[in-house]
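Input: a single structure, listed below in structure tokens.
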Amino acid sequence: MTLSPAHTWRNLATLFKAGALFGLFSANAFAAVAAKADSPICPAATLNGSQHFGVQYQLSGAQHGTLQLLRRQAQTAYFNPGNGVGEWWNFSVAEHPSFIRVFAKQQRRIDYYMGDLRTLNIHVSQPEIESFAAAHLRSQLRHKGAGSCADSQVYEGDYQQVHYRLLWSDSLQLPLQLTTEHKGQIKQWQASKIMPAREVDMLLSRWQQFADTDYADIGDNETDPFLAQMINQGFIEHSEHAVYNSNGQPMSGQHIH
Amino acid sequence: MKLKAIVLAMTTALAALALTGCGDDGDTGATGTAGQNGADGQNGADGRDYTAVNQWYTAGQATVANASETSVSDPKGRAKNIILFVGDGMGVSTLTAARIYQGQQRGESGEENRLSFETFPYSGLVKTYSSNQQTPDSAPTMSAIMSGVKTKDGIVSVSDDAVRGTCTSGQGHEVMTALELAEIAGMSTGVVSTARLTHATPAATYSHSVERNWEADSNMPQAALDAGCHDIASQLIDFPYGNGIEVALGGGRSYFMPSSETDPEYGRAGRRNDGRDLTAEWTSKYTDGAYVWNREQFLAVDTSSTHHLLGLFENSHMQYEADRADDGAGEPSLAEMTSRALDVLKQNDKGYFLMVEAGRIDHAHHAGNASRALQDTVALSEAVRVAMEKADSDTLILVTADHSHVFTIAGYPVRGNPILGLVRGVDGSGEAAATYTTDSNGMPYTTLGYANGPGFGFGNDPMNTDSYRPDLNLYDVTDVDYRQEATVPMGSETHAGEDVAVYARGPGAQLVTGSVEQNMLFHVMNYAADLAARAEANQN
């Protein structure tokens, strides 16, 4: 998965449709969760400016699923409880983020260091990762006024042939609700639960204990049944050719990833 | 000059057949009589007496002349010191591509370039199979080089009596390594790697483990710990021979840190569950020792007074050479580590043994990323060059690889074609063609590629539906991050089973020739420095 500041949300619909956001949405990953049409949960005022919380999103409409965003300072993780796969970014050294792919069911981790991410052509934007990939999108939409939650704003508009309606939380700097409509197909991400810091800590601490393998060492460990399985499921690699150059700039605008 | 005369006569005869009517051969004197030399060797204007002026011919001739004057039969023990360089995964195709890459980086055509160790007087081919696999991993191959004994895949310096991962099966079957013998002999020893110091290749120099992944105690099953097996990192610190390893430089910091401590560069927890802080143990064990974890600290070490130096420059593996400048804390290059290691080791009058590994060539290949593999190979060449300049003449230097990779150099590119680029062939006149060479579906392809690996499949990119390949005209295939195409889809590119090269210079180097088993390299080192006898003598 390659994400750049310029590209991240341009292909929002594609990413969600393909079930490919950060690799979390494998085809069979979506549990049959009933779509909820009610309003998103509003964050408590005490969370204003906090960098230590979690948000659980419910996907409804053309696809169903659950995704948790976990934030602890410079760390942001996305976790799909349906398939137990998580992707955990650490921007403590902002220029050189580290990345861990979590497999909760197997209690295993694969750790990616700077060189690994570069060989995979993974170039990410911290604002996009931390904003549920909505930072750039928000700038492309029209501000429609205050939203239903305190400290929230509504944005709406068309971008890249997709119609978006975004309920944005100023206090969390995250979407509370995001609706996309493309060719008559509607999907909606909605915040359904604010996760307290202790729940975030519990998950991250648990993942920290998992047996870890460096991505660079996978080649020497293909006899490991877990790694073999993950490779076959396509979790390990996933990379196109040099879509971006070494500066993270797209080499060709016509390639959509 | 009999050969020269025969060649000249052949040339003249062929020219006469093909070019009837041509004039004199342009000699400054008369044309030489068939079967004899030309007059003065300056008759090359028309290329007929190429034996005097053709650069390929004369260069090869000079090489043979030099070699013919050399008859070496160094006696056992002539080498005081040994330096062993290992390029992890540095197969012959990697060497070829790297030499071209290095030459082209200097603005040259590239093919004529030689990596530093390609100037060594002796070389051979090495059979890399392990005792149970046709294509091996680094654990048994480095064990063979270091101990003289081939073993099974995944096993580090324990004979193949052991079963991988079964602690008790290896107990009593540990095999003595060249580094251990050197320590017992009173020599100084060093281990340098761009991989984790606990990774299979460096680990095989100083540790013994039935499982290469037992790098920290947290990587080991409780049964193995209960049975008395020890993790690899602890074996470096608890090294029982001589006065301990003098120099250990590389990556893998977290394997030496307790889980209660966080990494100074990344803030991640250490991997040790036993609570041991092995870096602190190093400095308390060796009062003349130092521990450093970044380049600034490393360069500040006084090598004249520091006799035990531990440097752990990354949480895991060190950066690829291509990314080293971007490292937040700063890392030394392989050449810098080699240089300073020699500064420490050379202070021992009894000599030294140093192993230096370019550990990330292998990783870049596994990722299907040729550019980084080549840059790390060039970095190894630079490290060898430093050793060539610093080591005294009584030093045996070996350069080899543990195994190869399925890395290929394909097509018929014109001389000087960018080694990372698309293949551009030659036209009818032998000059560079105007367009790229294409496959059977009209699509260009790169010179470098892999037989398998992650470079198969192209995401959502448009591709030619006949060949199922992307249009590489749309890509910057020379970019450092470019991933070369692979024929067979695999999550990770694999090792290859063909022979690797070995190069040698210094006392005993003449033993390196022909096609040999990998374990023979230990015996070359043992013969050259008489390690076993020196060790035995030093114990008495």
Side-chain angles (χ1 to χ4, degrees), chain A residues 1-2 11 14 18 20 74-75 90 92-96 98 100 111 113-123 208-209 211-224 227-228 230-246 248 251-252 254-257, chain B residues 89 137-139 153-154 195-196 199-200 212-213 218-219 265-269 271 314-317 319-320 322-323 326-328 360 362-369 372 453-455 457-462 470 472 474-477 479-485 489-495:
Chain A
M1 179 56 58
T2 52
N11 305 298
T14 305
Q75 301 176 64
N90 188 337
S92 295
V93 183
E95 318 86 71
H96 309 306
S98 62
I100 295 171
D111 293 9
Y113 288 83
M114 179 176 75
D116 304 323
L117 295 175
R118 290 181 175 184
T119 63
L120 289 167
N121 274 302
I122 295 177
H123 301 274
Q208 189 69 50
Q209 302 305 316
D212 60 315
T213 303
D214 278 13
Y215 172 77
D217 293 325
I218 288 172
D220 290 324
N221 286 287
E222 287 198 344
T223 53
D224 181 324
L227 294 176
M230 292 299 105
I231 289 169
N232 290 336
Q233 291 181 6
F235 278 108
I236 301 298
E237 27 90 24
H238 275 315
S239 175
E240 297 81 3
H241 296 274
V243 180
Y244 304 103
N245 63 24
S246 54
M251 289 177 174
S252 171
Q254 65 200 80
H255 295 294
I256 305 299
H257 298 274
Chain B
D137 73 49
S138 298
D153 268 47
R196 294 189 297 267
H199 208 233
R212 58 176 287 168
N213 290 320
S218 62
N219 304 128
E265 188 174 358
Y266 295 100
R268 292 192 186 188
R271 294 173 188 257
E314 267 294 330
N315 194 41
S316 182
H317 302 296
Q319 304 289 359
Y320 290 109
D323 305 316
D326 294 335
D327 182 64
R360 305 224 63 191
D362 178 66
H363 297 152
H365 278 323
H366 278 308
N369 181 213
R372 281 185 171 79
F458 314 100
N460 298 319
D461 283 6
L472 296 186
L474 303 175
Y475 292 84
D476 181 359
V477 298
D479 188 84
V480 65
D481 294 338
Y482 179 73
R483 173 175 292 192
Q484 277 67 24
E485 287 183 272
M490 296 186 77
S492 180
E493 182 263 8
T494 72
H495 297 175

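We name chains A, B, ... by the order of the sequence lines, and we start the count at 1 in each one. Just so we're clear, the structure is a prediction, and the values are computed from it rather than from any experiment.
- Within the 4.5 Å cutoff, the side chain of B:Arg196 has heavy atoms near those of the A:Asp214 side chain.
- Looking at every heavy atom in both residues, B:Ser492 comes nearest to A:Gly219 through OG-CA, 3.1 Å.
- Residues meeting the side-chain hydrogen bond (donor to acceptor under 3.5 Å, both in side chains) test with A:Asn221, sequence neighbours left out: B:Asn213.
- Contacts of A:Leu117 with chain B are absent, with no heavy-atom separation under 4.5 Å from either backbone or side chain.
- The most heavy-atom pairs under 4.5 Å with chain B, out of A:Val93, A:Asp111, A:Asp217, A:Asp224, come from A:Asp217.
- Contacts between A:Thr223 and chain B at a heavy-atom distance below 4.5 Å involve the side chain alone, from C-beta outward.
- Salt-bridge check for B:Asp326 with A:Arg118: passed, with a basic side-chain N closer than 4.0 Å to an acidic carboxylate O.
- A donor-acceptor pair shorter than 3.5 Å can be found between the side chains of A:Asp220 and B:His495.
- Contact record, A:Gly115 with B:Asp323: CA-OD2, 3.5 Å, taken as the closest heavy-atom pair.
- At a 4.5 Å heavy-atom cutoff, the contact between A:Ala216 and chain B is made by backbone and side-chain atoms alike.
- Nearest heavy atoms, A:Tyr215 versus B:Gly491: OH-O, 4.5 Å.
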task: Let me see the working for B:His363 and A:Thr119 under side-chain contact (heavy atoms from CB on, under 4.5 Å), right down to the final yes or no.
output: CA-CA 10 Å; B:His363 297 152; A:Thr119 63; over 6 Å; no

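- Ion pairing between a basic and an acidic side chain is recognised when a charged N comes within 4.0 Å of a carboxylate O; A:Asp116 and B:Arg360 show such pairing.
- Residue B:His365: no heavy atom, backbone or side chain, is found under 4.5 Å from chain A.
- With chain A as the partner, the residue from B:Arg268, B:His199, B:Glu265 showing the most heavy-atom pairs under 4.5 Å is B:Arg268.
- Taking A:Ser92 as the reference, A:Asn90 meet the side-chain hydrogen bond (donor to acceptor under 3.5 Å, both in side chains) condition, with sequence neighbours excluded.
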